Amino acid sequence: MTIPREKLEDMYRKMALTRAFEETAMRLFSLGKVHGTAHFCIGEEATGTGVCAGIQPQDLIYATHRGHGQSISKGMNVDRMMAEFLGKATGVCKGKGGCMHIADVSAGNLGANGIVGGGIPIAVGAALGTVMQKIDRVVVCFFGDGASNEGTFHESINLASVWKLPIVFACVNNCYGMSMKVTASMNITDIALRASSYGIPGMTVDGNDVLAVYAAAQEAREHASRNGPVLLVLNTYRIMGHSKSDSGAYRTKEEVEEWKRKDPLKRFVSTLLQQGLFTEAEIAGIDAEAAAVIEHAVAYAESSPEPSLDTVEQDVYA
Amino acid sequence: MTIPREKLEDMYRKMALTRAFEETAMRLFSLGKVHGTAHFCIGEEATGTGVCAGIQPQDLIYATHRGHGQSISKGMNVDRMMAEFLGKATGVCKGKGGCMHIADVSAGNLGANGIVGGGIPIAVGAALGTVMQKIDRVVVCFFGDGASNEGTFHESINLASVWKLPIVFACVNNCYGMSMKVTASMNITDIALRASSYGIPGMTVDGNDVLAVYAAAQEAREHASRNGPVLLVLNTYRIMGHSKSDSGAYRTKEEVEEWKRKDPLKRFVSTLLQQGLFTEAEIAGIDAEAAAVIEHAVAYAESSPEPSLDTVEQDVYA
Amino acid sequence: MNEITYAQAIKDAMSEEMRRDPKVFLLGEDIGAYGGAFGVTRGMLEEFGPDRIRDTPISEAAITGAAVGAAMTGMRPIMEIMFSDFITIAMDQLVNQAAKARYQFGGQVSVPMVLRAPEGSGTGAAAQHSQSIEAWILNVPGLKVVAPSTPADAKGLLKASIRDDNPVVFLEQKLLYRKKGPVPDGDVVIPLGKADVNRPGTDISIISYGRMMERCLQAAEELAKDGISAEVMDLRSLRPLDTEAIVSSAIKTGRVLIVHEACRFGGFGGEIAATICDSEAFFYLDAPVRRLAGKDVPIPYNKYLEAGIVPTTEAILAAARDLAK
Amino acid sequence: MNEITYAQAIKDAMSEEMRRDPKVFLLGEDIGAYGGAFGVTRGMLEEFGPDRIRDTPISEAAITGAAVGAAMTGMRPIMEIMFSDFITIAMDQLVNQAAKARYQFGGQVSVPMVLRAPEGSGTGAAAQHSQSIEAWILNVPGLKVVAPSTPADAKGLLKASIRDDNPVVFLEQKLLYRKKGPVPDGDVVIPLGKADVNRPGTDISIISYGRMMERCLQAAEELAKDGISAEVMDLRSLRPLDTEAIVSSAIKTGRVLIVHEACRFGGFGGEIAATICDSEAFFYLDAPVRRLAGKDVPIPYNKYLEAGIVPTTEAILAAARDLAK
Ligand SMILES: Cc1ncc(C[n+]2csc(CCOP(=O)(O)OP(=O)(O)O)c2C)c(N)n1
Ligand SMILES: Cc1ncc(C[n+]2csc(CCOP(=O)(O)OP(=O)(O)O)c2C)c(N)n1
Ligand SMILES: [Mg+2]
Ligand SMILES: [Mg+2]
């Protein structure tokens with residue numbers, strides 16, 4: 001695999017930025033600066049980054065409630081993202097959406113969804129619009145292992161398959177849907193098997209290996225743009241609690257620790273170092289840069305005004 | 001296969017009764033005696049009869065909008081069924097349900113559903129109740145090829161599979177969902193493939209061969225009662241229009257004619273005759289008996305009173 | 001001015017809009033060769049082809065979501081739900097997605113789609129195919145809801161709905177499909193949010209919409225014979241609602257009878273009555289604001305029972321006479 | 001009499017009923033080891049085991065249908081939908097199946113199930129996790145709908161709901177979960193359909209339910225200082241509705257203010273107002289029947305915006321003062 005250095009650097013930068021964003025977000029939470037909840041993707045960064053790296057700039061993504069990494073990897077402005085997280089007027093959704101509804105249409109991110117499985121049919125619609133408008137574009141729809149048990153998963157993939165739409169169904173299997181282990185929520189161990197219900201290819205990849213995800217995403221995109229839908233399953237793990245209100249009673253500390261050792265950032269770094277492509281100093285530089293970018297975002301967000309109550313009735317209707 | 005003669009006779013009787021019921025119902029329609037619509041299963045009789053023959057008396061079925069054969073085969077009283085069809089007070093649903101909502105709880109028929117796919121989760125609930133009440137019983141849930149594209153199909157089978165419930169999902173694939181050919185509504189040719197999404201067995205059988213359906217249903221029931229759900233696909237064909245308002249513009253006459261030649265009643269009769277189990281006279285006797293039973297049902301229904309308007313507010317709440 | 005059916009008017013509106021704007025397309029179950037369960041789209045496949053008249057599998061949530069997604073990315077889908085009762089299956093996509101996308105994303109997107117669905121009883125289709133479901137979706141900011149009662153309104157309001165940049169639920173009236181009425185020639189668009197005073201009057205306001213309009217007008221005709229001048233108002237668009245027209249009619253007559261087919265309890269009649277009673281009109285009321293609506297039962301199959309649960313012309317007449325006393 | 005939280009009261013009701021009746025069981029997402037998104041079922045798995053406290057995959061339609069089917073065949077399921085907004089996904093099963101089964105099958109079956117779901121804004125969860133959805137399901141004959149405002153009511157009404165032979169939607173109030181209140185010891189069952197006059201009064205009736213009750217009572221307290229005697233009524237059960245209590249309070253005071261958190265347009269306030277204005281109480285009204293409700297917008301994320309769209313104590317006070325003038 002010969003990936004240009006800039007591409008590798010960009011991928012690591014996105015992962016580092018995601019991690020820094022979330023660690024900062026958690027700090028803001030503990031400082032009582034956030035009203036609401038958040039769903040962190042720490043440990044899953046290779047999925048959003050690998051997939052977004054493997055598609056094209058004109059492609060669209062539909063993100064999930066656990067979508068910080070997906071959004072950042074698709075090129076979202078973190079200042080406006082952080083401002084949205086803090087509910088500010090300068091937020092990408094003017095403070096009305098919050099982190100469960102991050103969207104950045106200009107960057108091709110059509111929005112995170114608070115309804116598990118709720119975004120899947122919508123992504124199919126965007127793929128339909130793509131074909132009908134004869135645009136050279138693929139849609140990527142992210143969703144979780146838990147979401148793959150919703151009826152919308154089934155209806156949507158079936159519909160996309162009969163219409164042969166250019167869409168990649170990217171299932172981030174982080175082993176849990178809230179507290180339910182994936183092995184308890186379904187009777188199969190490889191979610192990609194479900195592709196066979198729709199006569200489309202299913203692919204399973206190690207979701208903690210960003211290079212593997214990247215390669216798989218490229219292949220899936222290629223297939224989708226020519227031959228229709230692909231189900232791409234990315235196996236990974238959710239390190240943090242489900243959301244801010246999770247006591248973790250449903251899993252063991254050992255299990256979490258085991259997966260912490262598989263940290264996708266560390267893993268990517270060691271590959272990059274081993275292959276002599278980057279030096280430790282260069283990596284540290286990217287990390288520092290990510291920290292600075294996020295620091296800037298926090299300053300931007302914190303100094304931004306709250307939205308005025310006058311705006312509350314705006315944008316209900318177009 | 002050594003099936004007792006009475007069993008064979010009972011199976012043929014149910015099929016003949018179903019056919020007679022529907023042909024009579026169509027006549028009543030053309031006489032303007034029916035308000036509403038109906039969905040006929042002519043050509044599909046082997047599915048309802050074969051499945052109901054293969055299960056036990058204590059088992060429950062959930063029927064579909066095309067459920068005359070399912071209901072009759074489960075042992076429903078045709079007088080009260082015909083009365084319901086005509087909306088009479090003596091109807092099994094007191095004239096409130098009509099033929100889209102035929103149910104006969106005393107005979108283990110928990111009801112037909114007007115919502116495509118709407119009965120599937122409910123059948124799962126009955127199977128859950130079965131297990132929780134430690135009853136020796138299996139639930140059979142009928143639905144169509146079209147229904148297998150509804151989200152409820154997916155959610156329900158998945159739920160039943162993780163709970164290993166005693167349920168047979170009986171998919172009557174009659175090649176069409178209203179006007180949409182099954183090959184256009186999904187990208188696979190064997191619906192039983194969908195079982196693999198849930199880690200349960202899928203079985204496909206010639207739905208015009210009542211003996212094959214019977215054998216498959218026995219096997220499926222056996223599996224369901226011990227090891228959990230089975231998806232049993234019965235391939236057949238809808239000879240009549242979808243409902244009373246179908247002009248048939250979406251298929252060729254040749255296709256229909258071809259399937260008419262595969263009539264499940266004729267086929268069963270020729271097997272019975274060939275094997276020397278029944279004489280032509282005996283078959284004619286069963287046919288005549290079926291005609292008489294249905295004639296009686298019509299007389300019963302026609303002489304029954306309309307429900308009084310006083311009853312209209314009854315049974316909204318228990 | 002042509003006499004055409006309500007179904008034809010709907011088809012004409014769609015066809016004209018599709019000829020005008022390549023972004024408009026149809027999706028739904030059995031809308032192609034079959035022509036729709038009520039024949040509304042018959043012939044459209046032949047004119048527009050399968051790319052723009054899209055038959056779908058039986059998957060209401062996916063169909064609705066597909067419309068939302070297509071609308072968010074540049075298309076103007078018209079989707080059909082075969083019976084309004086089945087909106088329940090697509091309810092999340094309609095209510096939590098279509099209605100919310102614009103607001104929750106801070107105005108970044110709009111969702112210009114129309115969801116057409118027939119409602120009402122009278123066809124012997126029983127509890128799951130006969131409901132009038134408007135109240136279930138009228139408490140959802142972000143949606144618009146329309147329920148035309150004549151071919152002319154059906155055509156003009158559907159054109160407005162298709163051109164609207166918001167999700168519009170267009171509730172067709174099953175029993176009106178075969179009714180004929182005059183429809184003006186040409187590209188006539190009727191703006192959403194304007195009630196129509198079908199018959200002006202001074203003694204009592206009868207406010208209704210949809211299938212009940214015909215009965216209200218018949219009752220008004222009878223009332224005239226008694227010397228009672230009834231004003232009959234067709235709301236046409238339920239959200240946005242023409243509160244101004246409602247309030248001024250109530251002020252004028254002082255007596256209001258609200259009529260709808262949907263079940264009474266929790267029905268949209270409550271909103272209309274409350275609008276009047278919390279307005280200036282309150283001070284002009286000479287009698288209680290009366291609601292006449294469907295009985296609070298699921299729709300029964302038997303035709304006498306089925307007919308017996310919706311307001312009849314006689315019941316409207318009796319209520320109006322009683323009110324006007 | 002113990003001081004316990006609203007969440008605890010709900011858990012106690014379920015636990016006591018489960019001990020009493022082996023047919024009662026729970027199903028829903030993350031109700032087991034996790035204890036439910038709001039901790040309501042915490043500890044129940046330990047007491048009752050996984051057979052009766054059933055964690056499900058994320059499949060709201062199947063969960064609801066499973067409850068319907070289990071209820072039709074002898075069990076008494078209590079199911080949880082994590083946020084009331086997600087009822088939309090299960091809407092067909094609730095509205096077309098649970099509510100219709102008995103009627104359309106001519107009384108052959110009953111569907112004794114409870115669907116619990118929390119509603120309301122105030123948690124920073126934005127448009128898809130904060131709605132008050134009661135109006136969407138109140139126009140459905142066959143369903144009952146309950147919305148308790150105190151721990152005591154939550155317990156007593158939930159017990160009644162579990163023992164009811166019909167599908168009951170039990171709408172819990174998210175922001176009340178942690179609030180404490182006195183709950184009588186023992187097996188106290190509060191019948192559905194009875195409003196509670198929390199505070200009797202003579203000058204104005206404030207009619208509300210759910211989370212807004214607290215604010216209505218605060219406002220009444222303030223009004224008393226002005227010499228205005230406000231009667232505050234908690235409807236508790238929305239269907240069946242205690243119309244008698246509503247009408248007689250309106251007759252007594254002649255001035256009515258209806259308050260709810262749900263969006264105003266098409267909200268349940270309309271039914272309450274219409275009930276009054278089409279009753280004998282109409283003749284006793286001294287002022288328009290006023291509704292104070294949530295703004296007609298999706299729920300925004302920002303906490304000031306979010307707080308700004310629901311009626312505040314001050315707004316209730318101002319409206320009441322204005323009405324009582
Ligand atoms: C329809 C719906 N049901 C339930 C929830 C509550 N909920 C939010 S996230 C979540 C788990 C989703 O699991 P998965 O799809 O695997 O995504 P993950 O959270 O693991 O990223 C649940 C149950 C919801 N938001 N929407
Ligand atoms: C949810 C829903 N969508 C659509 C319909 C209209 N409809 C009734 S039967 C039918 C076809 C169902 O196809 P299938 O499941 O294959 O059963 P079949 O009619 O072929 O027996 C359709 C679309 C319905 N009743 N319910
Ligand atoms: Mg997950
Ligand atoms: Mg079929």
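As the structure is a prediction and not an experimental result, all values here were calculated from the model.
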Query - Option in I89(C), V297(C), L94(C) with maximal non-hydrogen atom pairs under 4.5 Å from chain D - result: V297(C)

Report task. Name all residues meeting the side chain to side chain contact (heavy atoms under 4.5 Å, CB included) criterion together with A287(C); count only those two or more places apart in sequence or in a different chain, and write none if there are none. Result -> R255(C), L323(C)

**Report entry** Region of L238(C) in contact with chain D, defined by heavy-atom distances below 4.5 Å
**Finding:** backbone

Requested in this report: Look at the side chain of N139(D) and the backbone N and O of C263(C), then say whether any donor-acceptor pair between them is shorter than 3.5 Å.
Outcome: yes

Query raised in the report: With only heavy atoms counted, which part of S132(D) is less than 4.5 Å from chain C, the side chain, the backbone, both or neither?
Result: backbone

Report task. Kindly give the heavy-atom pair with the smallest separation between M91(D) and M91(C), and that separation in Å. Result -> CE-CE, 3.7 Å

Query raised in the report: Distance-only, no hydrogens or angles: does the N96(D) side chain make a donor-acceptor pair with backbone N or O of F86(C) under 3.5 Å?
Result: no

Query raised in the report: Are any of the side-chain nitrogens in D278(C) or R264(D) under 4.0 Å away from the carboxylate oxygens of its partner?
Result: yes

Query - Neighbour count >12 (heavy atoms, 6.0 Å) for atom NZ, K194(D) - result: no

Query - Interface moiety of F283(D) toward chain C, non-hydrogen atoms closer than 4.5 Å - result: side chain

Requested in this report: Among I87(D), T88(D), L285(D), single out the residue with the greatest number of heavy-atom pairs under 4.5 Å to chain C.
Outcome: T88(D)

Query raised in the report: With sequence neighbours left out, what residues match A37(D) under side chain to side chain contact (heavy atoms under 4.5 Å, CB included)?
Result: M178(A), M82(D)

Query raised in the report: Given the options D92(D), V95(D), I137(D), which has more heavy-atom pairs under 4.5 Å with chain C than any of the others?
Result: D92(D)

Report summary line: What one should report as the nearest heavy-atom pair of S279(C) and P288(D) is O-CG, 4.4 Å

Query - F265(C) and F268(D) aromatic ring geometry - parallel, tilted or perpendicular at 30°/60° bounds - result: tilted

Report summary line: Between E271(C) and G267(D), the two heavy atoms sitting closest are OE1-N, 4.0 Å

**Report entry** Structural part of Q131(D) lying under 4.5 Å from a heavy atom of chain C
**Finding:** side chain

Report task. I would like to know whether T275(C) and R291(D) meet side chain to side chain contact (heavy atoms under 4.5 Å, CB included); could you show each step before the answer? Result -> CA-CA 9 Å; T275(C) 297; R291(D) 284 182 298 163; 4.0 Å; yes

Query raised in the report: Taking all atoms of both residues into account, what is the closest heavy-atom pair of A273(D) and A274(C), and its distance?
Result: CB-CB, 3.6 Å

Query raised in the report: Based on non-hydrogen pairs under 4.5 Å, which of A127(C), G142(C), A61(C) is most in contact with chain D?
Result: A127(C)

Query - Residue, of R239(C), E60(C), Q104(C), Q97(C), that accumulates the most heavy atom pairs under 4.5 Å with chain D - result: R239(C)

Report summary line: Pair count under 4.5 Å, heavy atoms only, with chain C: among A90(D), G266(D), A99(D), G106(D), highest is G266(D)

Requested in this report: Among the options A126(D), P300(D), A281(D), pick out the one with the most heavy-atom pairs lying under 4.5 Å from chain C.
Outcome: P300(D)

Query raised in the report: In terms of heavy-atom pairs under 4.5 Å, which option from D296(D), V289(D), L138(D) contacts chain C the most?
Result: V289(D)

Query raised in the report: Does any heavy atom of chain C fall under 4.5 Å from the side chain of A135(D), the backbone, both, or neither of them?
Result: both

